2 protein chains.
Amino acid sequence: MTDPQERFDHLVARLRERDHRLTPQRIALVRLLAESQEHPSAAHLYSQLKEQFPTTSQATVYKTLALLKEMGEVLELGFSDDDNRYDGNKPYPHPHLVCVCCRRIMDPEVALLKTLEREVAELSGYQIVGHRLDLYGICPDCQRE
Amino acid sequence: MTDPQERFDHLVARLRERDHRLTPQRIALVRLLAESQEHPSAAHLYSQLKEQFPTTSQATVYKTLALLKEMGEVLELGFSDDDNRYDGNKPYPHPHLVCVCCRRIMDPEVALLKTLEREVAELSGYQIVGHRLDLYGICPDCQRE
DNA sequence: GTGCTTGCAAACAGTTTGCAGATAG
DNA sequence: CTATCTGCAAACTGTTTGCAAGCAC
């Protein structure tokens, strides 16, 4: 995981460089994203933001997320049957490990993925440009119950 | 790929065994799914079904898909930013190769996936119960353009 | 002061549901 | 005959958009 403060500074710098305004709401949201490890949903970010800014709206969250997505600074994990989840700390595609029980999402080390992509590229003739790998499982905590 | 006729017979047998009614609409939809290689969307299935049954509705398509999903006989590929796609020929989770250009979806051979899952299970302590692997790329046809 | 951003509400798209009439078994 | 299925339309959910007022710069 990238150091949250470093990541926050990077995001603020990138926004400034593109002449985007650093409103208090936006700064707070960027901070949440820079610190995030738990791959929060938009609704979750909204409810955290609302603690500091009671009048804020979901639209603000979605608009800022859209902006950062377009800048390549957040990764959106789309779930068609559930809220989407966001990663503002590691914004590039990477594997996820999703607990089917508590919906916790973590980032596993997957050394073999590069080799796997190369294997598929050679066999299929496709030029691979990205991936989405979610492993579903039961986390150690949930196994205990 | 499973032989479409064999797959169709299997699906019909499973529906019959659970005392579900074999209406003409349902039979036609099951046939489309048994023959499908192109991972059709609900809208695509609906438009094909509509050729034979002009008064049919999307609800019928969705209800039959829900039934077959629940029976474990179709695989739903959820895309949060696009229509979901369905595989009624190979209904168990398997990797997909998605062309970012023409949205064609095919099934690559991925020998390494099992090893990869084992690697992650050992390192994380999770009990792996499933996966979703989509590789995004540009298919040979689209590369030519 | 300028024009990007906010926050409200309405729109949107894909999917699901309720229900009355049709129909497979 | 009767319980399930169909097909219409309305509801639902997460996300996006339009717009007037607010505020960063």
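Below, read A as the first sequence line, B as the second, and so on, with proteins coming before strands; counting in each chain starts at 1. Quick caveat, the model's predicted, so the values are computed rather than measured.
Shown for residues 24-51 of chain A: residues whose heavy atoms fall under 4.0 angstrom of DNA chain C, namely A:Q25, A:R26. The stretch residues 78-87 of chain A comes close to DNA chain D through A:D83, A:N84, each having a heavy atom under 4.0 Å from the strand.
Here the P atom of nucleotide D:dT6 and the CD atom of B:Q52 are 14 Å apart, to the nearest Å. Taking atom CG on B:L15 and atom C1' on C:dG25, their separation rounds to 15 Å, with Å as the unit. Atom pair B:R18:CZ and D:dA3:C1' shows a separation of 16 Å (rounding to whole Å applied). Look at CZ on B:R16: it is 7 Å from P on C:dG25, rounded to the nearest Å. The NE2-C1' distance, from A:H20 to D:dC23, rounds to 17 Å in whole Å. Atom P of nucleotide C:dA13 and atom CD of B:Q58 are separated by 13 Å, given to the nearest angstrom. The CG-P distance, from A:D19 to D:dC23, rounds to 21 Å in whole Å. Note: NZ (A:K69) to C1' (D:dG14) measures 12 Å, nearest angstrom.
Between B:D134 and B:R132, at least one side-chain N (NZ, or NE/NH1/NH2) sits under 4.0 Å from a carboxylate O, which counts as a salt bridge. B:E38 and B:R103 are not joined by a salt bridge, as no carboxylate oxygen comes within less than 4.0 angstrom of a charged side-chain nitrogen. By the 4.0 Å N-to-carboxylate-O rule, A:K114 lies too far from A:E119 to be salt-bridged with it.
Applying the 4.0 Å criterion to OP1 and OP2 of D:dT6, one finds that B:S57 has every side-chain N and O outside that range. Here B:T60 reaches the OP1 or OP2 of D:dG7: one of its side-chain N or O atoms lies under 4.0 Å away.
Here the OH-CG distance, from A:Y92 to A:D87, works out to 8.0 Å after rounding to the nearest 0.5 Å. The CG atom of B:L45 sits 10.0 Å away from atom CD of B:Q58, with the distance rounded to the nearest 0.5 Å.
Within the 4.5 Å cutoff, the side chain of B:R144 has heavy atoms near those of the B:D141 side chain. Under the 4.5 Å side-chain criterion, counting only non-hydrogen atoms from C-beta, B:E73 is in contact with B:R7.
Atom CD of B:Q5 sits in a crowded spot, with more than 12 heavy atoms from other residues, nucleotides or ligands closer than 6.0 Å.
The side chain of B:A59 approaches D:dG7 more closely than any other nucleotide in the set D:dG7, C:dT5, C:dG7. Checking D:dG18, C:dG18, C:dT16 against the side-chain heavy atoms of A:K63 singles out D:dG18 as nearest.
Using cut-offs of 30° and 60° for the angle between ring planes, the A:H96 and A:H39 rings count as perpendicular.
Residue contacts shown for A:T23 are limited to sugar-phosphate atoms, with no base heavy atom under 4.0 Å away. Within 4.0 Å of B:T55, counting heavy atoms only, lie sugar-phosphate atoms of the nucleic acid but no base atom.
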Apply the test side-chain contact (heavy atoms from CB on, under 4.5 Å) to residues B:N84 and B:L77: give CA-CA distance (whole Å), side-chain angles for both, the deciding distance (0.1 Å), then the verdict.
-> CA-CA 6 Å; B:N84 291 349; B:L77 276 184; over 6 Å; no
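No N or O donor and acceptor, one from the side chain of A:R21 and one from the base of C:dT5, sit under 3.5 Å apart.
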